[in-house]
Number of protein chains: 2
Amino acid sequence: MSHATHITAGSVVLAELRRAIATGELTPGQQLVQESLAERFGVSRVPLREALQVLEAEGQVVHQVHRGYFITELSLPDLIEVYRLRAVLEAEAARVAVPLLTDDDVEALAELAARIEDASEAGEVGAMIEANRAFHFTLIDAAAMPRLSRLVASLWDATDVYRSVYYGSATNRERVDHEHASIMAAIRNRNATTLIGELDAHREHAVAELSAIVR
Amino acid sequence: MSHATHITAGSVVLAELRRAIATGELTPGQQLVQESLAERFGVSRVPLREALQVLEAEGQVVHQVHRGYFITELSLPDLIEVYRLRAVLEAEAARVAVPLLTDDDVEALAELAARIEDASEAGEVGAMIEANRAFHFTLIDAAAMPRLSRLVASLWDATDVYRSVYYGSATNRERVDHEHASIMAAIRNRNATTLIGELDAHREHAVAELSAIVR
DNA sequence: GGTTCAAGGATTGTATCCAATCCTGAGTAG
DNA sequence: CTACTCAGGATTGGATACAATCCTTGAACC
């Protein structure tokens, strides 16, 4: 029996909340009224609160006793810190992963890069976000450091609120495609130093664009 | 995060559980039966589960649907990964913090180092663990990167289960004191490179000892 | 007009109760 | 003797009900 077979109300609500945050349906600063959300998802407040507590631990929402849960508002210093920590951790992941990459891994990465491009040209923002995440985490997971993957994932989650806005721009989507091509080239060459440089540039461009959005 | 002024049943239970884990009262692999714990803390199962969910998000306990919560068992690869991630993140913290350190910070660090030594000689393991954590996080917090502090804290928490065993040994306590002296010297000289080297050595010795314990 | 303060409703925190699932162990068949 | 089956209790997941706290609103007072 696998874990996924046990669908619990709390996990369903958690997934729904994640989606709502990622799509921008729930906007930063907004209060999450427990009764309304519970009714909307067709569950009681108990599993709803369970999901909210998980999101709080991840920093996606903030909690104030007797006042409630609110979607986290990312400040500019916050955003910059998230990307700085990503730089540190993803560099480590790349360093470890490159020597471990199998040909199958590289193949999978190339295919994901292609899927991103397709979604990008079609303007399918949701599909692009998903494929993009799969692309980057295929590389990160290749380092075979599960805790590292989890930490980086939580940092990605922290900026999910703004990701849909970022990919909404065709200019941004096009630049991302070019950067992914450079990243793939470094991966194919098994050159960790170059790869880390490309990843850093990739992130720098994103943080520059996002800085404008946050304000 | 909840204001300290408003103590909620869940937060009390959470603190108690943390203490019980840190002191080794709850041992790795052990099941946490909700009813018993709730009764022991004098609360219902609702706030207890709330605390358990927080600990699960932090990786201190694991959860299996319809089976319950268990104290996490740290595998050797896990332990090594935790310390490797700490090395990466704490090095970054040190790099950022050193130029920002005020004389007051250095003073506070020196005082904490002294407190650690006192507790070490007196064999007060609990006090030593607490002062040691305060010492290291005074340095880390000086980097003024709150998310970085949180990530590192979660990595420290992950090995809390074994910390009391580690500090139970007088040999270990004595070595730690010497290492802290070297760390303080590097801090006083505002030499980030030396400091990072000392911190790395400090951690390497700990992971070597802990590896033996895990097995 | 501005400030203080006290209801009352709105919202969250917690306890209690019921439902769903798991685990144990006795019994049975092979 | 071993493997399987299937109650019955033990334990967790979730819903409802109640208590504690907060927030708004409006009136009294300066």
Side-chain angles (χ1 to χ4, degrees), chain A residues 1-21 25-73, chain B residues 1-21 25-73:
Chain A
M1 251 184 276
S2 123
H3 279 226
T5 57
H6 292 284
I7 306 246
T8 179
S11 69
V12 172
V13 171
L14 180 57
E16 276 300 308
L17 282 175
R18 282 216 164 89
R19 199 196 49 71
I21 291 173
E25 200 171 324
L26 299 172
T27 63
Q30 179 179 351
Q31 174 161 14
L32 301 175
V33 180
Q34 298 179 7
E35 192 97 29
S36 328
L37 284 176
E39 190 180 7
R40 169 171 155 186
F41 295 136
V43 300
S44 84
R45 278 173 45 217
V46 175
L48 174 75
R49 288 174 53 117
E50 179 178 324
L52 288 173
Q53 280 148 12
V54 172
L55 291 175
E56 194 208 355
E58 294 175 359
Q60 299 257 70
V61 304
V62 295
H63 175 60
Q64 292 182 298
V65 177
H66 286 302
R67 293 203 52 227
Y69 291 88
F70 303 81
I71 301 282
T72 305
E73 290 187 90
Chain B
M1 204 183 300
S2 27
H3 270 203
T5 55
H6 295 147
I7 52 170
T8 175
S11 69
V12 172
V13 171
L14 180 58
E16 275 302 308
L17 281 175
R18 281 218 164 89
R19 199 195 50 72
I21 292 173
E25 201 170 324
L26 299 172
T27 64
Q30 178 178 352
Q31 174 161 14
L32 301 175
V33 180
Q34 298 179 7
E35 192 98 29
S36 328
L37 285 175
E39 190 180 6
R40 168 171 157 186
F41 294 135
V43 299
S44 84
R45 276 174 47 216
V46 176
L48 174 77
R49 290 179 49 175
E50 179 177 320
L52 288 173
Q53 281 148 11
V54 171
L55 290 174
E56 194 208 355
E58 293 175 0
Q60 299 256 69
V61 303
V62 294
H63 175 61
Q64 292 183 296
V65 178
H66 281 127
R67 293 205 51 227
Y69 291 89
F70 303 81
I71 302 282
T72 304
E73 289 187 271

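Sequence lines set the chain letters: A, B, ... in the order given, protein chains first and strands last, and positions in each chain run from 1.
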Engineer: Spell out protein contact along nucleotides 12-18 of chain D as letters: B when the base is contacted, S when just the sugar-phosphate is, - when no protein heavy atom is under 4.0 Å; keep the 5' to 3' order.
Structural biologist: BBBBB--

Engineer: With sequence neighbours excluded, what pairs up with Glu73(A) under the side-chain hydrogen bond (donor to acceptor under 3.5 Å, both in side chains) test?
Structural biologist: none

Engineer: Hey, does Val46(B) have a side-chain heavy atom less than 4.5 Å from the side chain of Val46(A)?
Structural biologist: no

Engineer: So Val33(A) and Tyr69(A), do their side chains get closer than 4.5 Å, heavy atoms only?
Structural biologist: no

Engineer: Sequence neighbours excluded, which residues qualify as salt bridge (Lys or Arg N to Asp or Glu O under 4.0 Å) partners of Arg19(A)?
Structural biologist: Glu16(A), Glu25(A)

Engineer: Between Phe41(B) (CZ) and dA15(C) (C1'), how many Å, whole number?
Structural biologist: 18 Å

Engineer: Is it the case that more than 12 heavy atoms not belonging to Gln31(B) sit under 6.0 Å from its CD atom?
Structural biologist: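 Check passes, neighbour count above 12.
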
